[in-house]
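This one's a predicted model, so the numbers in the text were calculated from it and none came from an experiment. Chain A is the first sequence line, chain B the second, and so forth, proteins listed ahead of strands; every chain is numbered from 1.
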Amino acid sequence: MLDKTYTPAALEERQYDEWERAGAFASDVASNRAPYTIMMPPPNVTGSLHMGHALTMTLQDVLIRHQRRLGRDALWQPGTDHAGIATQMVVERNLAADGIGRLDLGRPAFVEKVWEWKAESGGRIVDQLRRLGCSPDWPRARFTMDEGLSHAVRRVFVELYRQGLIYRDKRLVNWDPKLHTAISDLEVEPRPVDGKLWHLRYPLADDPRTTLTVATTRPETMLGDTAVAVHPDDPRYAALIGRHVRLPIVDRLIPIVADDYADPEQGSGAVKITPAHDFNDFEVGRRHGLAMINIFDRDARVLVDRFEVHGGDAEAPDRAVPEGFGGLDRYAARTKVVAAFEAAGLLEKIDPHAHTVPHGDRSGVAIEPWLTDQWYCNAAVLAAPAIRAVEEGRTRFVPKTWEKTYFDWMRNIQPWCISRQLWWGHQIPAWYAPGGEVFVAETQAEALAAAEAALGPEVTLRRDEDVLDTWFSSALWPFSTLGWPDETPALTRYYPGDVLVTGFDIIFFWVARMMMMGLHFMGDVPFATVYIHALVRDAQGQKMSKAKGNVIDPLDLVDQYGADALRMTLVSMAAQGRDINISPDRVAGYRNFATKLWNAARYCQMNDCRPVHGFDPASVTAPVNRWIVGEAAALRGTVDQALDGYRFNEAAGGIYQFAWATFCDWYLEFTKPLLADADAGLVAETRATTAWVLDRILELLNPIMPYLTETLWASMGDGEDRGRLIDAVRPTLPDGLGDPAAAAEMDWVVRLVSTIRTVRAEMNVPPSAALTLLVRDGGPETRRRLDAHGPLITRLARLEAIAETAAVPGGAAQAVLDEATLILPLADVIDLARERERLGREIAKVEAEIAKIEAKLANPNFRAKAPDTVVAEQQTRRDGYADIRDRLAAALARVEG
RNA sequence: GGGCGCGUAGCUCAGCGGGAGAGCACUACGUUGACAUCGUAGGGGUCACUGGUUCAAUCCCAGUCGCGCCCACCA
């Protein structure tokens, strides 16, 4: 017997362990059932469960559990991501607390520390996923740095290198001066800054009293200027093109060049060009063969002694660092440059200037465009098939609008900088000979062999110290986790996956790159569908952030209301294309839903409603039972279709509505008189039907609320072992369970009971008072129904008797139901004025409706152009309302007469 | 600058060419043996605004206003 109260915490932990021990989450590579695959986006090992995880994981778990119970061999592939920068930062911070620096340890010892940390605390998020009820195939869990995945990474790197799709290049990167690494464009976030615009005067070389004004937000970079650009069509500067200015402070001659990049509308129309410290200037420099002068070290401090000069076919500029600048931080250098211009009378003005400045998303410091050697991946080549695959529908996005985002980015994709100056990650499999020759190979031995073949024996190789961008290994996740490059049975069976579920924020980081790598190495898309879900926000729609203090911890909600309630909340709110505002009140509401279902199951137990072996829902005869069986069958169709279309909220809403309103509020109330009936056959049928319908609810709700439904499923067996719901393949239902006649009949009963209840409430009839219902003008069908459902109606409407009448006693309340008039004699309690008023209101409502419809019907165009069915439907509605109006009017006349 | 999305009941949101819906909140009544984490009934909306298409617009189109997000740029 179930406990009197539903306490989720008690049952959830026990239930999960039981599932896991029983291997209920396992895929079966040897199965002959059709596979269904979802690749879990591997959370960072440093991560802890937040609302975004809770949503994405719940949705995936719902799909997996749903498909599992449809009989598919479901693989939900779990794992964690090594998260290069994030993890390195966490471990560095821990070490710093003990006063140990990364450099003190040295690379091997540091990496060892990271592995230790991972072993101790890296599994936290995995346990949190268990609490949420997630059912991935845990024994298959992978880590992006484990040996198999590392092998895949090396193989991919080497192959892409040999194909010329990975190469080394010296160009500007987004340099993080705090973390001392390059980061990709995607890891840069623009932040609004209240800056200044300094207008600096550069004297002409051949006429020092004439100056050319340039405006800049970064005066310190003038130390590395190698030109001034003006627009070729700008008449103000036409005469200056080809001449030179003498750069103050460094005393360097630099040319005035004509370039479209200079915008006559901006600033003075003349722009300083610093190719080594600005992405646009870098391009201008290339076009004009300008030298690139790097003025900063890796901390973004001015170099000591000499600047580094690269390229350029102009005469070699002076590379000496001006007196007093060496070693200055970029902001100190800025102050000093401005002071020097001011002292020389070359500072024209300073304007306040609000703009955005790129910052590192991890470090939070301003990014420095910096000239370095890095490894790049030719993303444009890899993107072409990935674009085609989506164009051709081999992978589709749901909702479809995200395809545009994908296309826009893919069609403008930039070379992907894949090297990072970190210690934690996949070290790049490239070795350098003393002469600078590069040997890329999967192992040092192979690299050495290649080097010796090329350079002769006794070569000493030095391995590239950089590691790969974390997303490089993530990009391989859909096949590396299945054993690639080996042709494992799992790889053949589970690739490509069915659906990838993720948030829009990583379409670029991850989805696009999995598409590229999957197509290139597997020759097929990694997944058929990409379902993009919304962001989770707080109750007011604010993005959750630690700074705002509005972060809701999903585990707190689990503690308070249970994992099932949280899951149901998220699924119910997961409408496509809209963010989810979550509030604890909402979760409490779904906890109440769980309680409701719990109590419904208790009711079933108390009334011996047990599942009956061999029960055939098509065989039931009582209209009540035929009706609920049909409704339950229809619900299954609704839920299946909703989930097929990733309309999670519709699936959840449909079950909620059916379970609470249809099943609990109406059907279970109907069963109360039925179960007390003298007809033993009817009692048995009703018990069996009730149990059967509850089973269907549990079955459909199981993917969303696995704990509750599993527990109730077991309890309904009443001691008998029914097996676990999690792996009970759903039984097929007989066709044609819907019975329109029974549905119409029960709908009539519902309307009758509701009508009487409303009248009672409006006439202030005490709930305890049992009334007599008189029915006037009832047709044969009405009479039959009244007779057939007398006990139901009497109980639910709180009547003591039902009778037919032709006359209407004085002091009665009246209402209209179809062709019949319902009369409730209230002799001693009736307030005639109140009844008149009530009927008047009813009539007014109906007349308003009639007026609307008649206006429509009076329109000749409507009759001429609207489909006949629509016209007929409106006429029927009008006639129906008119009948009701007439009967209400007659009722009113009787009250007044 | 380019793109995407959203303005529907007090709040949070579904719906989406022919009858305005849910949950929460609110009001009244209620311990009828599943459930007060509940039941019954009720109040509450010119579906942002303006035009257009249509026999018919909350729904389609255009524009306006407001809000949010993404991308690019910002000397």
Side-chain angles (χ1 to χ4, degrees), chain A residues 2 4-6 185 190 195 197-200 214-218 221 228-229 261-263 266-274 278 280-281 353-357 399 401-402 404-405 408-409 412 504-505 507-508 534-535 537 539-543 561 565 569 572-573 575 577-583 585-586 588-607 649-650 653 656-657 661 664-665 668-669 672 754 757-762 764-768 795-796 798 849 852-853 856 859-867 869-871 873-874 877 881:
Chain A
L2 289 165
K4 185 160 165 57
T5 51
Y6 163 64
D185 295 344
L197 195 57
W198 285 270
H199 295 254
L200 307 179
V214 296
T216 179
T217 55
R218 304 207 50 200
T221 62
V228 172
Y261 167 66
D263 178 356
Q266 289 266 2
S268 63
V271 56
K272 62 192 271 312
I273 300 297
T274 324
D278 181 282
N280 287 308
D281 293 6
H353 186 65
H355 60 139
T356 58
V357 174
T401 79
W402 292 106
K404 190 170 168 46
T405 305
D408 286 350
W409 191 70
N412 296 299
F504 60 82
D505 47 336
I507 290 179
F508 306 139
L535 226 61
R537 299 168 175 279
Q540 280 72 45
Q542 298 290 307
K543 204 166 172 173
Y561 303 111
T569 308
S572 297
M573 300 187 75
R578 189 157 188 157
D579 287 345
I580 293 175
N581 295 359
I582 197 163
S583 73
D585 282 351
R586 196 82 187 213
Y590 288 106
R591 187 275 321 270
N592 295 353
F593 172 68
T595 303
K596 185 75 185 176
L597 210 53
W598 180 271
N599 284 305
R602 288 182 67 233
Y603 171 82
C604 289
Q605 284 192 331
M606 290 172 179
N607 289 284
N649 58 317
E650 276 183 29
Y656 182 95
Q657 186 64 27
C664 290
D665 289 349
L668 287 188
E669 293 305 320
K672 287 173 183 173
S754 299
R757 283 171 172 172
T758 301
V759 171
R760 291 180 64 119
E762 290 186 348
N764 280 340
V765 178
S768 53
R795 174 165 177 138
L796 297 191
R798 305 186 143 265
E849 211 55 46
K852 267 205 297 202
I853 303 169
K856 200 178 278 189
N859 181 347
N861 284 327
F862 173 70
R863 287 179 174 277
K865 299 196 178 174
T869 51
V870 171
V871 176
E873 189 189 332
Q874 295 301 324
R877 285 186 62 219
Y881 280 122

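- Using a 4.0 Å heavy-atom criterion, one finds that A/R757 contacts the sugar-phosphate atoms exclusively.
- Within the 4.0 angstrom heavy-atom criterion, no nucleotide atom of any strand lies near A/P860.
- B/C67 and B/U8 have their P atoms separated by 15 Å, with the value rounded to a whole Å.
- No side-chain heavy atom of A/L197 sits less than 4.5 Å from a side-chain heavy atom of A/H355.
- No contact: A/Q605 has no heavy atom under 4.0 Å from any strand.
- Residue contacts for A/A262: at a heavy-atom cut-off of 4.0 Å it reaches a base atom on one of the strands shown.
- Closest to the A/N649 side chain, of the nucleotides B/C4, B/C74, B/A14, is B/A14.
- Applying the salt bridge (charged side-chain N to carboxylate O under 4.0 Å, His left out) criterion to A/E873, with sequence neighbours excluded, gives no partner residue.
- B/C69 and B/C60 are spaced 24 Å apart, taking the P atom of each and rounding to whole Å.
- Judged by distance alone, the side chain of A/E849 and the main-chain N or O of A/Y881 form no donor-acceptor pair under 3.5 Å.
- Within the nucleic acid shown, A/L197 comes within 4.0 Å of sugar-phosphate atoms alone, with no base atom in reach, counting heavy atoms only.
- Taking the P atoms as reference points, B/U32 lies 14 Å from B/U40, given to the whole Å.
- Straight-line distance between the P atoms of B/G42 and B/G21: roughly 13 Å, to the nearest whole Å.
- A distance of about 28 Å separates the C1' atoms of B/U58 and B/A41, rounded to the whole Å.
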Practice item. Let me have a per-nucleotide readout for nucleotides 21-35 of chain B, 5' to 3', with B, S or -, counting only protein heavy atoms under 4.0 Å. Key: --S-----SS-B-BB
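- Without hydrogens or angle criteria, A/R586 side chain to A/T569 main chain gives no donor-acceptor distance under 3.5 Å.
- Atom C1' of B/G18 sits at a distance of 28 Å from the matching atom of B/G23, rounded to the whole Å.
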Exercise for review: If a protein heavy atom is under 4.0 Å from the base, mark B; if only from the sugar-phosphate, S; if neither, -; do that for nucleotides 56-62 of chain B going 5' to 3'.
Suggested key: -------
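- Secondary-structure annotation of RNA chain B gives the stems B:1-7 with B:65-71, B:10-13 with B:21-24, B:26-30 with B:38-42, B:48-52 with B:60-64, with a stem taken as at least 3 successive Watson-Crick or G-U pairs whose two distances both fall under 3.5 Å.
- Taking atom C1' on both B/C6 and B/A48, the two are 11 Å apart, rounded to the nearest angstrom.
- In summary, the side chains of A/Q874 and A/R877 do present a donor paired with an acceptor at a separation below 3.5 Å, with no hydrogens or angles considered.
- If you check every strand for non-hydrogen atoms under 4.0 Å, A/T405 touches nothing.
- Take A/D263 and apply the side-chain contact (heavy atoms from CB on, under 4.5 Å) test, not counting sequence neighbours, and it matches A/E265, A/Q266.
- Of the side-chain N and O atoms in A/T758, one or more sit less than 4.0 angstrom from OP1 or OP2 of B/G42.
- Mapping A/M573 and A/P867 onto RNA chain B by nearest heavy atom places A/M573 at the nucleotide closer to the 5' end.
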Identify all pairs in which a protein N or O lies below 3.5 Å from an N or O of nucleotides 6-8 of chain B, and state each distance.
from : atom 1 : to     : atom 2 : distance (Å)
B/C6 : O3'    : A/R578 : NH1    : 3.3
B/G7 : OP1    : A/R578 : NH1    : 3.3

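- Of the two residues near RNA chain B, A/N861 and A/S754, the one whose nearest nucleotide lies more 5' is A/S754.
- In this entry the distance linking CG of A/N412 with P of B/C71 reads 13 Å, nearest Å.
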